Amino acid sequence: MSGDHLGLLHKELPNMEIVILDDADTIGQVAAEEICVLLGSKPDAVLGLATGSSPLSIYDHLAARHAAGEVTFARAQAFTLDEYVGLGPDHPERYRNVIDRSFTSLVDLPPGAVHSPDGLAADIPAACAAYERAIAEAGGVDLQILGIGTDGHIGFNEPGSSLASRTRIKTLTRATRSDNARFFKGDLDSVPTHCLTQGLATIMAARHVVLVATGPGKALAVQELVEGPVSAMWPATVLQHHPHVSVLLDESAASRLQLADYYRETYRGKPPWQGL
Ligand code: F6R
């Protein structure tokens with residue numbers, strides 16, 4: 001089969017691609033390359049940013065490539081996925097501060113180009129509606145970076161979330177709060193109980209979704225995401241309906257996948273020009 005036919009198969013038809021790589025650093029490198037290519041062809045691209053540990057290596061690679069003069073974000077915009085409710089403006093774990101520290105302050109995104117849900121808003125429903133409007137007015141998200149919770153959440157869409165949900169307030173599960181207690185000196189009581197999060201339908205509207213998972217703790221959620229039935233009980237499974245998803249995994253996060261060898265073979269057989 002010719003390269004052109006392969007291109008059609010992999011890029012232009014709806015696809016969830018599973019890419020199993022050696023380690024978090026390689027995952028960061030591959031995702032950062034995709035983002036640099038996007039910004040090269042669309043300098044005013046809209047990026048969707050996740051917080052948490054999973055995307056850190058992507059941000060490190062992007063910051064390094066920016067410092068090396070290889071990529072500019074000067075015309076780009078960014079929207080974060082979610083925010084805790086009630087953490088003060090200077091709280092180090094407020095997601096807006098976390099993303100500034102780990103990424104946006106390290107590149108040349110202009111002031112005002114980074115948007116996040118307002119977890120301190122007096123009128124929460126109005127703030128959520130304003131966030132949806134802002135994403136739409138920016139032209140929608142071109143590339144959305146995602147992590148995945150051990151309970152299968154994306155953004156903070158916990159199990160039972162409506163597959164049609166939009167930005168709204170959610171109650172965090174005890175599992176998510178205890179996963180995140182590591183950022184709050186191990187103190188579960190300091191982890192907020194509520195958050196604002198883009199909904200599953202909001203995330204599904206992004207044109208390309210790049211989901212990153214590493215470590216054995218994510219293996220079950222990844223198995224459900226890729227090979228399980230679509231269900232609100234594993235919210236990430238809604239991505240099986242998305243036309244362009246790249247799932248970047250290390251070996252341990254991929255360890256429960258029944259078709260892991262097939263995914264490896266498919267990725268190895270891709271033409272080099274294809275990207276994700
Ligand atoms: C963070 C977010 C969450 C995390 C998920 C995984 O903005 O939306 O869905 O991506 O909880 O977190 P880590 O990457 O810390 O394991």
Side-chain angles (χ1 to χ4, degrees), residues 23-25 27-28 31 47-60 78-85 87 91-104 114-119 128 131 135 141 143-161 165-184 186 188 191-204 206 209-222 224-225 234-239 245-250 252-254:
D23 51 31
D25 186 59
I27 290 172
L47 303 176
L49 304 178
T51 43
S53 311
S54 306
L56 290 178
S57 121
I58 306 177
Y59 299 148
D60 288 348
F79 287 84
T80 62
L81 270 177
D82 39 22
E83 182 59 275
Y84 289 119
V85 168
L87 293 187
H91 195 292
E93 294 310 323
R94 184 177 168 238
Y95 274 176
R96 179 49 192 256
N97 298 333
V98 172
I99 203 72
D100 280 348
R101 206 163 57 228
S102 53
F103 178 51
T104 54
V114 183
H115 312 266
S116 43
D118 182 0
C128 293
Y131 201 60
I135 295 173
V141 170
L143 187 148
Q144 175 66 57
I145 299 170
L146 292 180
I148 184 169
T150 54
D151 62 2
H153 69 230
I154 51 175
F156 273 141
N157 294 283
E158 298 285 28
S161 289
S165 50
R166 292 279 172 182
T167 304
R168 68 211 184 290
I169 189 166
K170 285 293 285 181
T171 304
L172 293 167
T173 60
R174 183 156 280 266
T176 297
R177 291 178 62 234
S178 68
D179 282 348
N180 287 5
R182 70 191 192 279
F183 298 116
F184 292 81
L188 183 63
V191 185
T193 52
H194 290 79
C195 64
L196 305 187
T197 180
Q198 288 189 28
L200 293 170
T202 320
I203 293 169
M204 287 290 285
V209 172
V210 177
L211 184 146
V212 174
T214 56
K218 300 292 173 72
L220 176 59
V222 165
E224 293 291 340
L225 157 68
W234 291 93
T237 59
V238 72
L239 294 173
V245 184
S246 309
V247 179
L248 308 188
L249 306 171
D250 69 0
S252 54

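Positions are given from 1, in the same order as the sequence printed here. Computed from a predicted structure; not experimentally measured. Counting starts at 1 for both ligands and their atoms, following the listed order.
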Q. With a cut-off of 6.0 Å (strictly less than), are more than 12 heavy atoms of other residues, nucleotides or ligands near CZ of Arg101?
A. yes

Q.
Assess, by modelled atom type and distance only, whether the side chains of Ser116 and Arg94 contain a donor and an acceptor separated by less than 3.5 Å.
A. no

Q: Could you tell me how the ring of His115 sits relative to the ring of Phe79: parallel (under 30°), tilted (30 to 60°) or perpendicular (over 60°)?
A: parallel

Q) If you count only heavy atoms, which residues are under 4.0 Å from ligand 1? A) Ala50, Thr51, Gly52, Ser53, Ser54, Leu81, Asp82, Tyr95, Gly147, Ile148, Gly149, His153, Gly155, Arg182, Lys218

Q) Just one of Leu81, Val247, Val245 clears the side chain to side chain contact (heavy atoms under 4.5 Å, CB included) bar with Leu146, so which one? A) Leu81

Q | Closest heavy-atom pair and its distance - Leu196, Pro117 | A | CB-CB, 3.9 Å

Q. Mind checking what makes side-chain hydrogen bond (donor to acceptor under 3.5 Å, both in side chains) contact with Thr167, not counting sequence neighbours?
A. Glu132

